[in-house]
Amino acid sequence: MQSRKLLIALFACMGILACKQEQEKKVENLEELQVYEEEPLDIYEFGFNLNDYVVKRDTIKPGDSFGVIMERNKLGYPEIFKIVQGAKDSFNIRTLQVGKPYTLLCAKDSLELPKCFIYQPNMEEFYVVNFQDSIHAYSSRKPIKYVEKTASGVINNNLSETLEELGLSYRLVNKMADEIYAWTIDFRRLQKGDRFKVIYTDKFIDDTIYAGVHDIKAAYFEHNNEPFYAFEFQTDSIKGIKDYFNDEAKNLRRAFLKMPVQFSRISSRYNLKRKIAYYGYKVRPHKGTDFAASVGTPILATANGTVIESARKGGNGNYVKIRHNATYSTQYLHMSKRKVNVGQFVKQGDVIGWVGMTGNTGGPHVCYRFWKNGVQVDPFREKLPEAEPISDNLKAKYLTFIQSIKSQLDSIQFEIPESPLNTEETLISSVK
Ligand SMILES: [Zn+2]
């Protein structure tokens with residue numbers, strides 16, 4: 001933010017200097033300016049040349065109706081009634097919503113009577129009631145343009161700060177963190193030096209109104225020096241299902257492994273009403289799932305994440321806790337030995353320790369605890385995001401599809417936040 005303010009100040013200073021030097025030139029330019037005023041450029045909007053009218057813009061106020069607005073603009077009641085009758089089949093004038101913008105195109109004379117009413121229920125759609133000659137009403141859409149862009153950056157502090165410094169949309173962070181890499185990278189624990197490249201499309205309405213990031217076509221994220229590619233691919237053209245896969249056609253939305261140990265059995269389930277003889281049959285809720293296995297069996301991280309606890313403590317014994325994303329964390333108790341340290345990034349299936357009997361336990365097992373938003377839940381009852389694998393016949397198609405996109409991605413140079421932004425733009429489609 002501050003660097004941006006500084007830049008503005010700098011430009012202002014430069015502007016003042018430039019002004020002094022170019023004062024003479026400006027006088028020369030005056031004549032040209034006047035010519036412009038005499039012959040205004042045609043400005044088209046909603047399919048009308050706005051220069052042919054007196055344009056009045058406003059928003060629907062409480063109590064406003066089509067009739068009230070027309071009356072306010074000096075149109076007589078019989079005329080209003082005629083328009084309402086003529087337009088009612090195409091446009092229900094009762095649907096006007098408070099706060100929505102409308103435009104009146106009025107005659108360029110002393111009366112300025114309205115000739116056309118245009119209502120915009122949203123940024124893309126508009127309704128026209130045209131009554132300058134005959135009465136006709138219709139709905140239409142503003143032209144939409146998609147512009148493909150590329151961007152890259154190196155993270156100094158956190159992703160949103162880096163994107164802000166680069167002047168990139170916050171929606172890009174959200175899309176990358178929540179839609180693409182939610183199960184691969186913990187965006188709250190990015191490292192300085194992590195870097196990214198992204199190919200995305202921006203949406204524009206009417207050529208000029210920026211309507212946000214539309215879609216991310218491909219991304220590359222380097223976290224802890226490890227590359228993570230992501231390519232958007234449609235796996236179901238009928239249902240229009242799109243998903244992100246890596247350069248080896250693996251789905252980026254990883255579900256959790258069913259269990260943290262292979263070849264084991266569940267010896268005790270998550271049970272909030274568990275009663276134990278040892279405690280005189282008092283309720284001792286069990287907020288984990290116990291997997292019995294012999295001492296020394298490897299314990300696996302059930303999903304990618306960062307180790308946030310690795311310690312030996314009381315009843316837990318040797319345990320490890322992993323944070324997977326903003327929502328989920330998992331914890332593994334009673335290990336004979338721990339293999340990972342706090343801060344370490346682990347991938348799904350990585351060995352994080354070995355089954356043991358440390359802490360409060362009657363036999364060798366791993367107590368697996370599943371945290372959702374800070375509360376321990378039963379992972380076997382949770383609806384966890386599924387990772388659909390790509391089908392075999394689609395895999396070849398996918399690998400061909402990503403070839404050119406991958407080389408485009410690979411050719412993007414990393415931007416350092418302080419340097420001026422060097423995004424590339426290509427108009428990819430325009431809907432008129
Ligand atoms: Zn347990």
Side-chain angles (χ1 to χ4, degrees), residues 183-186 188-189 191 223-224 226 254-382 384:
W183 303 97
T184 323
I185 299 163
D186 186 346
R188 285 204 201 161
R189 289 177 178 270
Q191 312 279 316
H223 177 52
N224 278 335
E226 206 169 334
R254 287 153 202 260
F256 287 83
L257 293 176
K258 274 233 163 72
M259 35 186 74
V261 273
Q262 287 177 303
F263 316 113
S264 69
R265 63 177 179 84
I266 293 171
S267 49
S268 172
R269 283 222 179 245
Y270 178 94
N271 181 4
L272 295 177
K273 291 174 186 153
R274 179 180 69 163
K275 288 174 182 158
I276 288 184
Y278 181 81
Y279 297 110
Y281 293 102
K282 279 188 186 147
V283 173
R284 288 272 159 170
H286 186 218
K287 290 181 176 172
T289 309
D290 290 348
F291 293 92
S294 51
V295 172
T297 305
I299 299 169
L300 318 173
T302 53
N304 291 0
T306 306
V307 177
I308 52 167
E309 285 175 58
S310 175
R312 179 164 186 160
K313 205 156 69 184
N316 285 359
N318 273 315
Y319 76 99
V320 167
K321 191 171 181 182
I322 301 168
R323 188 181 182 280
H324 303 290
N325 56 32
T327 312
Y328 297 106
S329 300
T330 54
Q331 200 180 4
Y332 313 76
L333 315 183
H334 317 308
M335 291 176 172
S336 60
K337 212 177 153 206
R338 290 173 277 120
K339 203 199 169 188
V340 290
N341 299 314
V342 171
Q344 199 174 325
F345 178 73
V346 290
K347 278 184 153 179
Q348 185 180 53
D350 281 354
V351 176
I352 54 168
W354 293 272
V355 173
M357 287 178 68
T358 56
N360 198 354
T361 168
H365 78 276
V366 54
C367 183
Y368 178 51
R369 297 182 167 208
F370 201 90
W371 300 76
K372 184 183 181 183
N373 297 319
V375 178
Q376 292 189 59
V377 296
D378 186 355
F380 294 91
R381 284 176 180 230
E382 283 296 314
L384 298 170

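Nothing fancy with the numbering, it's 1 onward along the sequence. Since the model is a prediction, treat every value here as computed from it, not as a measurement.
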Can a donor-acceptor pair be found, under 3.5 Å and without considering hydrogens, that links the side chain of Ser336 to the backbone of Val295?
no
When you check the side-chain N and O atoms of Thr361 and His334, is any donor under 3.5 Å from an acceptor?
no
Between Gln191 and His223, does the side chain to side chain contact (heavy atoms under 4.5 Å, CB included) criterion hold? Intermediate values first, please.
CA-CA 7 Å; Gln191 312 279 316; His223 177 52; 4.0 Å; yes
At what distance, to the nearest 0.5 angstrom, does [atom1] of [X] lie from [atom2] of [Y]?
| X | Y | atom1 | atom2 | value |
| --- | --- | --- | --- | --- |
| Met335 | Asn316 | CE | CG | 11.0 Å |
| Thr330 | Gln376 | OG1 | CD | 11.0 Å |
| Lys339 | Gln344 | NZ | CD | 8.5 Å |
| His286 | Ser268 | NE2 | OG | 4.5 Å |
| His365 | Thr297 | NE2 | OG1 | 13.0 Å |
| His324 | Ile308 | NE2 | CD1 | 9.0 Å |

Would you name the heavy atoms of [X] and [Y] that are closest together and state the gap between them?
| X | Y | value |
| --- | --- | --- |
| Lys347 | Phe345 | CG-CE2, 4.1 Å |
| Val320 | Ser310 | CG2-OG, 4.0 Å |
| Ala301 | Ile352 | CB-CG2, 4.0 Å |
| Val351 | Val340 | O-CG1, 4.3 Å |
| Gly288 | Cys367 | CA-SG, 4.1 Å |
| Val355 | Pro364 | CG1-C, 4.1 Å |

Contact check, side chains of [X] and [Y], non-hydrogen atoms, under 4.5 Å:
| X | Y | answer |
| --- | --- | --- |
| Thr302 | Tyr332 | yes |
| Trp354 | Ile299 | no |
| Met259 | Tyr368 | no |

Residue among Lys321, Lys372, Glu309 satisfying side-chain contact (heavy atoms from CB on, under 4.5 Å) with Ser329
Lys321
Going by side-chain contact (heavy atoms from CB on, under 4.5 Å), Lys287 matches just one of Leu272, Val375, Asn271. Which one?
Leu272
Could you please spell out the steps behind the ring-ring contact (aromatic ring centres under 6.0 Å, His included) verdict for Phe370 and Tyr270?
CA-CA 10 Å; Phe370 201 90; Tyr270 178 94; 9.9 Å; no
